[in-house]
Structures are given as structure tokens and as C-alpha cells.
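Take a look at the structure set out below.
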Amino acid sequence: QVQLVESGGGLVQAGDSVRLSCGAPGHTDSTNAMAWFRQAPGKEREFVAAIRWKGTARLYADSVRGRFTISRDNAENTIYLQMSSLKPEDTAVYYCAAGPIMSYSPTNYRTWGLGTQVTVSS
């Protein structure tokens with residue numbers, strides 16, 4: 001069972017930046033794609049960004065495009081989510097996920113981390 005471990009969340013001010021990290025034990029056919037999702041209280045889990053371990057393709061939600069950047073370190077089996085110009089509406093638990101294909105849908109990701117809280121104060 002692949003284990004994903006997120007880190008880097010916390011309490012920040014609006015306009016600040018923060019970087020989240022997600023460590024994976026390695027990448028296989030079942031973990032070709034990695035993604036970040038988030039879930040705010042009382043809301044459904046929503047897609048944030050996705051990346052493959054190979055290639056240059058990235059996917060972003062419209063709400064974060066231009067402010068968030070997803071990247072990877074293949075040698076370290078780690079993906080990152082650099083979040084800038086944070087807004088209070090970005091407050092959520094951020095989850096790392098792994099799956100065989102890159103997709104906006106959470107159903108395509110089979111392995112999830114426990115999440116890390118990001119709180120943006122105004």
C-alpha cells in the first residue's frame with residue numbers, strides 16, 4: 001500500500017505564500033499521476049492541481065491558476081504545491097493523491113494522504 005505524507009500547512013495571512021510537500025515511497029504504474037485536492041468545512045473535496053512523474057503536463061483548477069504551482073522532485077519522490085497570493089477562501093485541508101492517470105476527478109486517484117490544514121486569515 002502506497003503511503004503519502006503531506007507537510008507544510010499552517011496558519012498564514014492573506015497574501016502570504018506557503019509550500020506544501022507530499023512524499024511518496026516511489027512511483028509505479030498505479031501512481032503515474034499525483035494531485036492536490038482540498039476540502040473546506042461543509043464543502044466537497046475539490047481538485048487543485050495535478051502532475052505526472054514524467055513530462056511537462058500540469059492541470060490546475062481555475063480558482064488557483066496563476067497563484068499555485070505544482071512541481072515534482074523525481075529523485076526525492078516528492079511533489080510540491082507552491083501557493084502564493086493566498087486568500088481566506090483557500091482555507092482548507094489539502095490532500096495529496098496518487099493515481100494511474102492525471103485527472104480532475106478524485107475518483108481516478110486511489111491513494112490519499114491524511115491531509116494538512118492550511119488556514120488563511122484576512
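Heavy-atom basis, side chains included; hydrogens, waters and symmetry copies ignored. On a predicted model such as this, the values are computed, not experimentally measured, just so you know.
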Inset, instruction - Check whether any side-chain N or O of T116 sits under 3.5 Å from a backbone N or O of G9 as a donor-acceptor pair, and report yes or no. - result: yes

Legend entry - Distance, nearest 0.5 Å, that separates CD of E44 from CD of Q39: 8.5 Å

Inset, instruction - Drop me the distance from M102's CE to R52's CZ, to the nearest 0.5 angstrom. - result: 3.5 Å

Inset, instruction - Could you walk me through whether E6 and S21 pass side-chain contact (heavy atoms from CB on, under 4.5 Å), step by step? - result: CA-CA 6 Å; E6 304 99 333; S21 301; over 6 Å; no

Please list every donor-acceptor pair under 3.5 Å in which a side-chain atom of residues 54-61 meets a protein atom from a residue at least two apart or in another chain.
residue, atom, partner, partner atom, Å
R58, NE, I70, O, 3.3
R58, NH1, T56, O, 3.1
Y60, OH, I70, N, 2.9

Inset, instruction - Applying side-chain contact (heavy atoms from CB on, under 4.5 Å), run through S63 and R38 and close with a yes or a no. - result: CA-CA 12 Å; S63 59; R38 67 186 181 185; 3.5 Å; yes

Legend entry - Chi angles and distances behind the salt bridge (charged side-chain N to carboxylate O under 4.0 Å, His left out) call for D90, K87: CA-CA 5 Å; D90 294 318; K87 306 174 182 179; over 6 Å; no

Legend entry - Value rounded to 0.5 Å, distance of CD in Q13 from CG in L86: 11.0 Å

Inset, instruction - Check the pair V118 / M83 against side-chain contact (heavy atoms from CB on, under 4.5 Å), numbers first and verdict last. - result: CA-CA 10 Å; V118 175; M83 305 188 292; 3.8 Å; yes

Inset, instruction - Verify, without hydrogens or angle tests, whether R72 (side chain) and I79 (backbone) share a donor-acceptor contact under 3.5 angstrom. - result: no

Legend entry - Distance-minimising heavy-atom pair for C22 and M34: SG-CE, 4.1 Å

Legend entry - Between OG on residue S122 and CD on residue E89, distance to nearest 0.5 Å: 10.0 Å

Legend entry - Flag side-chain contact, heavy atom, 4.5 Å: V48 against L81: yes

Inset, instruction - May I ask you to check whether S105 and T107 show a side-chain donor-acceptor distance below 3.5 Å? - result: yes

Legend entry - Test item: S17 and Q82 side chains (from C-beta on) under 4.5 Å apart, heavy atoms: yes

Legend entry - Atom pair OG1 (T31) and CG (N77), whose distance is rounded to the nearest 0.5 Å: 8.5 Å

Inset, instruction - Measure from the side-chain N and O atoms of T91 to the backbone N and O of V120, and report whether any donor-acceptor pair falls under 3.5 Å. - result: yes

Legend entry - Nearest-0.5 Å distance that lies between atom SG in C96 and atom CH2 in W112: 9.0 Å

Legend entry - Closest heavy-atom pair and its distance - A92, A40: CB-N, 3.8 Å

Legend entry - Contact summary for A35 and F47, nearest pair of heavy atoms: CB-CE1, 4.4 Å

Legend entry - ring-ring contact (aromatic ring centres under 6.0 Å, His included) contacts touching residues 64-100 (sequence neighbours left out): none

Inset, instruction - Tell me, please, which residues at least two apart from R45 pass salt bridge (charged side-chain N to carboxylate O under 4.0 Å, His left out). - result: none

Legend entry - More than 12 heavy atoms of other groups within 6.0 Å of L114 CG: no

Inset, instruction - State whether the side chain of Q3 and the backbone N or O of A24 hold a donor-acceptor pair below 3.5 Å, judged by distance alone. - result: no

Inset, instruction - Please report the closest heavy-atom contact between Y109 and A97, naming both atoms and the distance. - result: CB-CB, 3.7 Å

Inset, instruction - Keeping the roles fixed (side chain from N108, backbone from P100), state whether a donor-acceptor pair exists under 3.5 Å. - result: no

Inset, instruction - Could you verify whether a donor N or O on one side chain and an acceptor N or O on the other, from T119 and Q117, lie under 3.5 Å apart? - result: yes

